[in-house]
Amino acid sequence: MLVCGLWRLISAALAGILFFNGFCVSQRAPNYSFMHQATSAPALSYFDYIIIGGGTAGCPLAATLSQNATVLLLERGGSPYGNPNITNLGAFGRTLSDLSPSSPSQRFISEDGVISARARVLGGGSCLNAGFYTRAEHRFVNDAGWDGRMVNESYRWVEKKVAFEPPIKQWQSAVRDGLLEVGVHPYNGFTYDHLPGTKVGGTIFDGDGHRHTAADLLQYANPGGLTVLLHASVHKILFKIKGQKRPIAHGVVFRDASGKRHRTYLKKGSKNEIILSAGALGSPQMLMLSGVGPSDHLKAHKITVVLNQPLVGQGMSDNPMNAIFVPSPNPVEVSLIQVVGITNFGSYIESASGENFAGGADYGMFSPKIGQLSTVPPKQRTPEALAKAIEAMEALEPSVFRGGFILEKIMGPKSRGHLELRTKNPNDNPSVTFNYFKEPEDLQRCVNGLKIIENVIESKAFSQFRYDYLPLPVLLNMTANAPVNLLPKHANVSTSLEQYCKDTVMTIWHYHGGCQVGRVVDRDYKVLGVDALRVIDGSTFNYSPGTNPQATVMMLGRYMGLRILRERLQG
């Protein structure tokens with residue numbers, strides 16, 4: 001049974017990274033008196049700071065700035081609170097498989113053919129991800145020119161609200177011991193720090209299985225200084241140009257859920273600013289929609305050019321993820337990513353497991369609804385085809401779905417792409433190309449990472465979780481047979497790990513770039529060539545920090561909020 005219908009097995013099982021059975025208690029929402037629907041906003045308003053994007057960076061930034069200024073936080077999505085698909089571990093992945101217009105997750109497919117998602121909810125990507133929490137490596141902090149003491153204080157500020165030590169059970173223990181057995185040394189135990197070797201990282205799921213997100217950091221806010229507007233879709237940033245040496249950002253146009261137009265402006269004051277925190281896709285997109293970007297591209301979309309900045313949207317990167325699914329003869333615990341092997345060649349090894357990867361009605365993101373039928377022409381994705389695919393899955397024995405993944409993500413990456421506008425509608429996804437494995441070094445790191453995974457699977461420590469009659473070539477071909485992306489498939493990819501990397505590439509949702517430091521913004525995150533405008537989020541990163549960027553993005557919001565307030569008081 002395990003060898004029959006393997007493409008169905010892997011397709012369903014891939015949901016394991018995203019979809020687990022578990023807890024079902026809804027988290028109680030904080031009583032945020034400052035949070036409102038944008039439909040209640042006045043047509044005209046004034047603030048010291050206007051933050052576009054209530055995501056992983058925007059929430060801690062707004063909470064910090066509200067202590068000594070008036071702040072407007074504009075979020076295009078809704079609240080994460082009261083939505084069990086976000087707050088409960090047991091519903092993990094349902095938001096990613098929700099393609100409705102009101103979903104907290106907005107699906108996009110890169111020009112490379114890789115299926116991905118961007119957040120559309122207060123709290124941003126921290127509401128959708130697998131919850132792994134780890135700090136950046138020291139080199140990242142040094143390269144950024146940040147103050148180390150203030151960075152550590154900002155991390156701790158975040159961790160008091162959202163970070164926890166995960167329980168390590170049998171599967172994760174076997175992966176940990178397997179990594180040590182094959183030489184990923186030393187063992188660093190549980191730590192938030194990025195240390196070479198094998199470690200247990202943090203998680204944003206607490207002991208009751210409740211997710212804690214960047215939106216929880218708004219508990220630090222001064223209610224009298226902050227206004228949060230939900231379902232507020234920003235359409236453009238307004239600039240003063242006439243009589244100015246440089247364009248000055250001074251206002252924002254946004255629409256509420258009913259389509260009504262609102263304007264909000266900065267109050268008078270030389271320290272007041274507009275801050276973009278709309279993420280790696282949203283921030284470069286918003287700059288272009290507002291007239292800051294490559295002039296030829298903007299003119300092609302009939303956008304008035306405020307500043308010709310050809311580097312906006314350039315340097316886009318996404319860390320490629322490749323995985324091997326391991327069917328288990330023994331039951332395994334439900335676990336998200338907890339153990340990580342940080343190798344000396346630039347690949348990170350992680351794992352996830354679950355007793356029932358197919359839990360739920362539609363099998364998560366890689367269900368027949370999304371994954372298995374994603375390669376089928378749209379006209380053939382009929383309700384009958386969907387029902388037939390789900391029926392076939394339901395007919396499989398539960399043991400088919402038992403097992404887990406060991407995956408690798410490459411550091412960096414070196415390969416870069418670009419982002420362009422498709423339309424002038426800010427709610428439409430831009431066109432994104434990541435150029436996975438364009439640089440040979442990235443491909444070699446993937447190959448080296450897969451070799452470590454193979455060694456872990458064959459280790460003594462991991463022996464209880466694998467079938468002796470399923471050799472590695474079978475596991476590789478099984479996994480490669482799954483429709484995890486829209487790329488063409490090659491037969492018997494187990495003979496070439498290079499081809500396996502290319503055929504099975506997926507996102508791990510760590511995309512960055514588009515507004516990079518030294519290219520689009522300076523080291524204070526001020527947009528080059530204009531005044532009163534900053535970008536503070538992952539779009540400014542030249543490479544992805546640590547094994548997961550969310551801790552550092554939250555820290556950056558707090559860190560830059562403190563720096564901006566200090567500048568304000570000194571000024």
Side-chain angles (χ1 to χ4, degrees), residues 32 34-41 45 47 49-62 71-83 85-86 95-96 98-108 116-129 213-215 217-218 226-238 251-264 274-290 419 421-430 432 509 511 514-515 533 535-539 553 557:
Y32 288 156
F34 47 75
M35 188 167 70
H36 312 280
Q37 295 295 322
T39 49
S40 67
S45 57
F47 293 86
Y49 296 99
I50 301 168
I51 301 173
I52 302 170
T56 316
C59 286
L61 177 63
V71 180
L72 174 63
L73 181 63
L74 297 169
E75 168 52 47
R76 71 189 185 118
S79 169
Y81 302 110
N83 184 343
N85 290 348
I86 292 175
T95 50
L96 291 167
D98 180 2
L99 302 185
S100 69
S102 61
S103 172
S105 170
Q106 183 176 359
R107 182 184 179 190
F108 74 94
S116 195
R118 58 193 294 215
R120 184 168 49 193
V121 61
L122 187 71
S126 66
C127 297
L128 309 178
N129 63 25
T213 76
L217 299 175
L218 293 174
L226 178 62
T227 299
V228 176
L229 295 181
L230 302 177
H231 297 111
S233 178
V234 175
H235 280 243
K236 68 184 299 185
I237 299 166
L238 303 173
V252 163
V253 176
F254 67 94
R255 293 185 183 275
D256 61 29
S258 67
K260 184 178 178 181
R261 180 182 169 111
H262 302 256
R263 287 180 179 248
T264 182
I274 294 170
I275 304 172
L276 256 176
S277 295
L281 271 65
S283 287
Q285 179 186 26
M286 184 52 56
L287 284 179
M288 290 184 191
L289 291 174
S290 304
L419 176 149
L421 297 176
R422 291 187 191 274
T423 72
K424 293 170 66 174
N425 185 344
N427 296 313
D428 291 343
N429 287 318
V432 191
W509 305 282
Y511 25 84
C515 299
L533 180 62
V535 180
I536 299 175
D537 59 26
S539 71
V553 175

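Along the sequence shown, residues carry numbers from 1.
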Any idea which heavy atoms bring L218 and F34 closest together, and the distance?
O-CZ, 3.7 Å
State, with a plain yes or no, whether a side-chain heavy atom of L230 is found less than 4.5 Å away from one of M35.
yes
Short question: side chain of S290, backbone of I237 - any donor-acceptor pair under 3.5 Å?
yes
For the residue pair V253 and V234, establish whether any side-chain heavy-atom pair is separated by less than 4.5 Å.
no
To the nearest 0.5 Å, what is the distance between CZ (R107) and OG (S116)?
10.0 Å
In terms of ring plane angle, is the pair Y81 and Y32 parallel, tilted or perpendicular, where the classes change at 30° and 60°?
perpendicular
Tell me, please, which residues at least two apart from S233 pass side chain to side chain contact (heavy atoms under 4.5 Å, CB included).
H235, P426, N427
Nearest 0.5 angstrom please: L281 CG to L419 CG, how far?
5.5 Å
In the structure I gave you, are the side-chain heavy atoms of L74 and V252 within less than 4.5 Å of one another anywhere?
yes
Could you check if a side-chain atom of R120 sits within less than 4.5 angstrom of a side-chain atom of P104, using non-hydrogen atoms only?
no
Checking L73, V71, L72 against V228 for side-chain contact (heavy atoms from CB on, under 4.5 Å), the one that qualifies is L73
Looking at H231, Q37, H262, which one forms a side-chain hydrogen bond (donor to acceptor under 3.5 Å, both in side chains) with D256?
H262
Rounded to the nearest 0.5 Å, the OG1 atom of T227 sits from the CD1 atom of I51 at a distance of 11.5 Å
What is the minimum heavy-atom distance between P80 and C127, and which atoms define it?
CB-SG, 3.8 Å
Compare every heavy atom of G55 with every heavy atom of P60, then report the nearest pair and how far apart it is.
CD-O, 4.2 Å
Just how far is it from atom CG of L128 to atom OG1 of T213, taken to the nearest 0.5 Å?
10.0 Å
Which pair of heavy atoms, one from G125 and one from A119, lies closest together, and at what distance?
N-CB, 3.5 Å
Distance, nearest 0.5 Å, that separates CE of M286 from SG of C515:
11.0 Å
Close side-chain approach of S277 and L61, heavy atoms under 4.5 Å
yes
In sequence, state the C-alpha distance, the side-chain angles, and the governing distance for L287 and L276, and then conclude on side-chain contact (heavy atoms from CB on, under 4.5 Å).
CA-CA 9 Å; L287 284 179; L276 256 176; 3.7 Å; yes
Of all heavy-atom pairs between P430 and R118, which one has the smallest distance, and what is that distance?
CD-NH1, 3.7 Å
Will you find, in the side chains of T264 and S45, an N or O donor that is under 3.5 Å from an N or O acceptor?
yes
Any side-chain donor-acceptor pair under 3.5 Å between N429 and Q106?
yes
Is the shortest heavy-atom distance from the side chain of Q285 to the side chain of L421 under 4.5 Å?
yes
Ignoring hydrogens and angles, state whether a donor on the side chain of S539 or D537 is under 3.5 Å from an acceptor on the partner side chain.
yes
Can you name the closest pair of heavy atoms from T56 and S126 and give their distance?
OG1-N, 3.8 Å
Between S103 and D98, is there a donor-acceptor pair closer than 3.5 Å when you use the side chain of the first and the backbone of the second?
yes
Straight-line distance of L533 CG to I274 CD1, nearest 0.5 Å
6.5 Å
